[in-house]
Structures are given as structure tokens and as C-alpha cells.
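Below is one structure, written out as C-alpha cells; comments come after it.
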Amino acid sequence: MSAPAPSPLAIVDAEPLPRQEEVLTEEALAFVAALHRRFTPRRDELLARRAERRAEIARTSTLDFLPETAAIRADDSWRVAPSPAALEDRRVEITGPTDRKMTVNALNSGARVWLADFEDASAPTWENVILGQLNLTDAYTRRIDFTDPVSGKSYALKDAAELATVVMRPRGWHLNERHLQVDGEEVPGALVDFGLYFFHNAQRLLDLGKGPYFYLPKTESHLEARLWNDVFVFAQDHLGIPQGTIRATVLIETITAAYEMEEILYELRDHASGLNAGRWDYLFSIVKNFRDGGTRFVLPDRNAVTMTAPFMRAYTELLVRTCHKRGAHAIGGMAAFIPSRRDAEVNKVAFEKVRADKDREANDGFDGSWVAHPDLVPIALESFDRVLGERPNQKDRLREDVHVEAADLIAVDSLDAKPTYPGLVNAVQVGIRYIEAWLRGLGAVAIFNLMEDAATAEISRSQIWQWINAGVEFENGLKATPELAREVAADELANIRAELGEEAFAAGHWQQAHDLLLEVALDEDYADFLTLPAYRLLRG
């Protein structure tokens, strides 16, 4: 008697969307189910390993380069695969979600790369997950021209040669997709996003002279990179795509990954493209992992932790040296400023800060950097053009002058700045405003002239938690306590109500956002990710 066929992937509790059948074909769903059956058990083991490592850090209050992988670091002979032509020049990359308007604007922006985001800049509603996939396919088939029903403005793609190369970012390993299940078990969002995109677009992108390129978020170890590499090998074989076609850039946005940069590139070496330095998630990871480490790990206000802080400088310079030693691209951090249409003076000051930041990255050896808004593309381009000229990158600049010790990466107390009361107020304000927008399905949100995403909310709530648990006393004599956080949050909610008016306030998710921020900022049990409890509240 033959074995029964594996049960198909089920769509659960999801309102049908226009054209979803183009994405959720029987073959595509079978491919995602195959990924799930093969790789989710290993994903689960690695999530458990994260918890074990966190417990070890709590016990020791330290981290070091891994002794068991010393031979990989010492072996000077290996390199990552040569870069495909479409990813040779990455001097400016724009980031953003995959809604229809952003898709056209990002591709047309003049940036070399668009990070098409299904992760921190996208709230994972069913609509965002599925229609985002559809928008990318429509872009590759040039079916995405549209007119905004509100403004009446028309959007159309430029000539193919002028469009940014897409590097797609799936969700992190920790998030599931509740609407897609196999045998009653939710499929990891990472496998849904990767699987649907790769299935529908890998060959299409090759035909266009590009390829399926990915950003990998929230990676915490080289073993997680190994899992991704095995996913890539399986996916390419399964669909008959040549091995090594996929290229992946890994975000070094966790403190543990910073100690395993070479090993991460080694695990992905046939598919690796580069590493990226992401500030907010990196700081969030430091708080999360060293939250029991005492006052020497207490971070000041997030805006006081610039990339020139000694421990951040150690991280970024080590990243450049590591990438160039192994033939990979080093991509710098985000310029999140959103230009004001009303205040030229605000723009002038902010543009100077952006310019200084991008000049520093280009001079330090980075091959490119991120911006959040099309108006920032020319500024970043100017900084990198000045250093690169006609060269596509500066991977030949090996930065052998850089020497980083294990302790340098966690020398948080090398920073003079302290937490302030205005910093607490800002963390509460940004936390509530971002979470409310996320609960409405928006992942990238302009708040106080900055483009914020989920990483912003994570560092905001983490700092509130850390300051309270460390008993921080602010410059005005007030002590960080749960009661003070509740007072500040109540004031902010009242301010938002007055700012919006009763009707608009009632139409939003403000009370829910307020309550969730306080839950994840005040609970004794620190939630690993804000998006886990938030996802339970997300409708759609």
C-alpha cells in the first residue's frame, strides 16, 4: 500500500484578496510546504539555542569570538562567490515596504538597490504579505503603472536600465505566518516570504539579467546562516535553478552575530553578497542580551548613541575589514530623515548630518549605504561618488589597520552620555505612535521627521525596560520607575487625543498601542520581540 500524499498547505482565516490566486498557486504552495517540512524543525532548534545562549550571557555578562571556529577565521584562503554584475555597485540603497506606490518610487529613485521589505518596514497583514508579492512580480513584468485614487497622480516605471536592483528581505526566523499552515502548524514567515518570491521570480529575474537576491534579518549565529544556505541549495535544486544563483546579504544587527561575521560569510560563501550594519536592532540586541549585566551596559538615549561611539565604531570597522578580507560588500546604516515640505531650516540641518554620516561611511571603506527617502539618494550618492569615482566598490581596501578585541564590541560604558528624562518621553512617544500605525497595517511610519520601523519600537521599549530595571536617575532628579513610565504614557495618550480630535482618536488603535507598549516595557518577563505579542493583535 502506497504512503498517503503529504497534506497540502492550508490557507487559514484569511479574507480572499484580488488576484491572490496568482501568488497562491497549487505549485507555489506545495513548494512552501516542502520548505516547511524540511527546515522548520531546524528553525525550532535554533530558536531554542538562542534562549540557551541568552541564559549563558546572563550568567557571564560577556561574549567572545568562538574558539570552535577559530580555524575558519585563521584560514586566509577562502572568499565568498564573485558578485553578480547587478550587485557590483551598491553605493546607495533605498529601503521600504512593497506597497504599489513605494515599489514604483523605490525602483525609480536613482538608488542602485531597493531593499524590498517584508520585515521591519512591513506589518505582516495578509494583504501586505500577498499583495507585496504581487507588486514585485508586476514590477518585473512592467504591469505596475497606476494612478493614486486620492491625489490623482500617475506612477510609471522608468526604462529598465534606470531601475534599482531588488534585494528582498523576508521576515526573521522568529515570526510565523498564521494564515498558512501545514498539518495545523504555522509556517515560518521567513519561508513563506522567501518561498513565494523565489518560486515566482527566480527564473524571471535571471531572464532580466539579474537574480533572486535577499537580505537576511535578525541572524544571531553562523548556524542560522547555515540553515539559510541549506534552504537556498534545496530551493535551487527543487526548481532547477543553477546553484549559486541566489545572493544573500546578512544584516549584522544582533550582538551575537557581530562575533561571528566571518563564520556567517563562510557558511553562505557560495551565496554571500555582503554584510550590513543596522543600528537600532543592534542596540536592541545589546539591551536584550545584557539586560542583567548591571549599570555598565545601560545605554543612554538612543539618539545619543551615534555610529562614532567607540563600541559602535569597533562594530562597523570590524564589519568593513571582515567583508573586504573575504571579497564581500560592506553596506552601511540607515539615514532615516524624512524631509519636511514646510521647514527648509530643519532640512538644511538634517541634510548636513546625513552628509557627514555618509562621508564617514565612505571614508571608512563601506561600499554603500542605506537611505529611507528618495530625496536623500543624491546626498548619499555624492558622498560615495567622491570616494569611489568610477569604481563600483572599494572591496580592495582591506582595512588591515583595524584591530578589534572581543571586549571592544561590548564596551558600552565607553560612552559618556547618560539616559535623560526627555529620552524617556521620546521613547514613549515613538513607541506608542509606531505601534498604533503597525496595528493599522503600516510598517514604515514617519514620526517627528524620521522614518521609523519595528526596530525603532524595539529599542524604545527596551530602553524603558532597561532604565527601570537598572534604577536610572534622570538629570531632573526623577527615577525611572513603572509609575513614571505610566504617567508619561498617559500624558502622551492625552496629547495625541488633543492633537487628533475625538473622532480620529477613536478611529485609531491608540489605547491598544499604549497598553501594548507598557506591557512589553514593564513586564518583568522581557518579551524577546515586541512583534510577537503585537502580531496577536494585528487584524487581517
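Using modelled atom types, one side-chain atom of D453 and one backbone atom of A455 make a donor-acceptor pair closer than 3.5 Å. The backbone N or O of A362 lies less than 3.5 Å from a partner atom in the side chain of Q394, making a donor-acceptor pair. Looking only at distances, a side-chain donor or acceptor of Q466 sits under 3.5 Å from a matching main-chain atom of L299. T125 contributes a side-chain N or O that, together with a main-chain N or O of N128, makes up a donor-acceptor pair within less than 3.5 Å.
Aromatic rings from F194 and F232 are positioned such that their centres are separated by under 6.0 Å. Taking the six-membered ring where the residue is Trp, the centroids of W370 and Y215 are separated by under 6.0 Å. Between F384 and F366, the distance from one ring center to the other does not fall under 6.0 angstrom. In this structure, F337 has its ring center at least 6.0 angstrom away from the ring center of H373.
Taking each heavy atom of V402 and R321 in turn, the nearest pair found is O-NH1, 2.8 Å. In terms of heavy atoms, E186 sits closest to H36 at O-CE1, 3.7 Å. Taking each heavy atom of F234 and A34 in turn, the nearest pair found is CZ-CB, 4.2 Å. Smallest separation of non-hydrogen atoms from R226 and E267: NH2-OE2, 2.8 Å. Taking both residues in full, the closest heavy atoms of N229 and L268 are given as OD1-CA, 3.6 Å, listed atom of the first, atom of the second, then distance.
For the ring-ring contact (aromatic ring centres under 6.0 Å, His included) test with W228, the passing option among F214, F39, W173 is W173; the others fail. Of the residues listed (R326, R79, R73), the one engaging E262 in a salt bridge (Lys or Arg N to Asp or Glu O under 4.0 Å) is R326, and it is the only one.
H403 contributes atom NE2, which lies 11.0 Å from atom CD of E317 (distance to the nearest 0.5 angstrom).
Using a 4.5 Å cut-off on side-chain heavy atoms (C-beta onward), M307 and E361 make no contact. Inter-residue side-chain proximity for Q236 and P242 is flagged as unmet; no heavy-atom pair is nearer than 4.5 Å.
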Output, in order, the C-alpha distance, side-chain angles, deciding distance and verdict of side chain to side chain donor-acceptor pair (under 3.5 Å) for R171 and S122. CA-CA 9 Å; R171 279 169 280 184; S122 179; over 6 Å; no
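For the pair E224 and R53, the salt-bridge criterion is not met [side-chain N within less than 4.0 Å of a carboxylate O]. A salt bridge does not link R59 to D292: none of the charged side-chain nitrogens sits closer than 4.0 Å to a carboxylate oxygen.
No more than 12 heavy atoms of other residues, nucleotides or ligands sit less than 6.0 Å from atom CD of E405. Summarising the local packing, CG of D396 is surrounded by more than 12 heavy atoms from other residues, nucleotides or ligands at distances under 6.0 Å. Within 6.0 Å of the OH atom in Y259, the count of heavy atoms belonging to other residues, nucleotides or ligands exceeds 12.
Below 30°, between 30° and 60°, or above 60°: for F199 and F31 the angle between ring planes is between 30° and 60°, a tilted geometry.
In this structure N363 satisfies the side-chain hydrogen bond (donor to acceptor under 3.5 Å, both in side chains) test with no other residue, sequence neighbours excluded.
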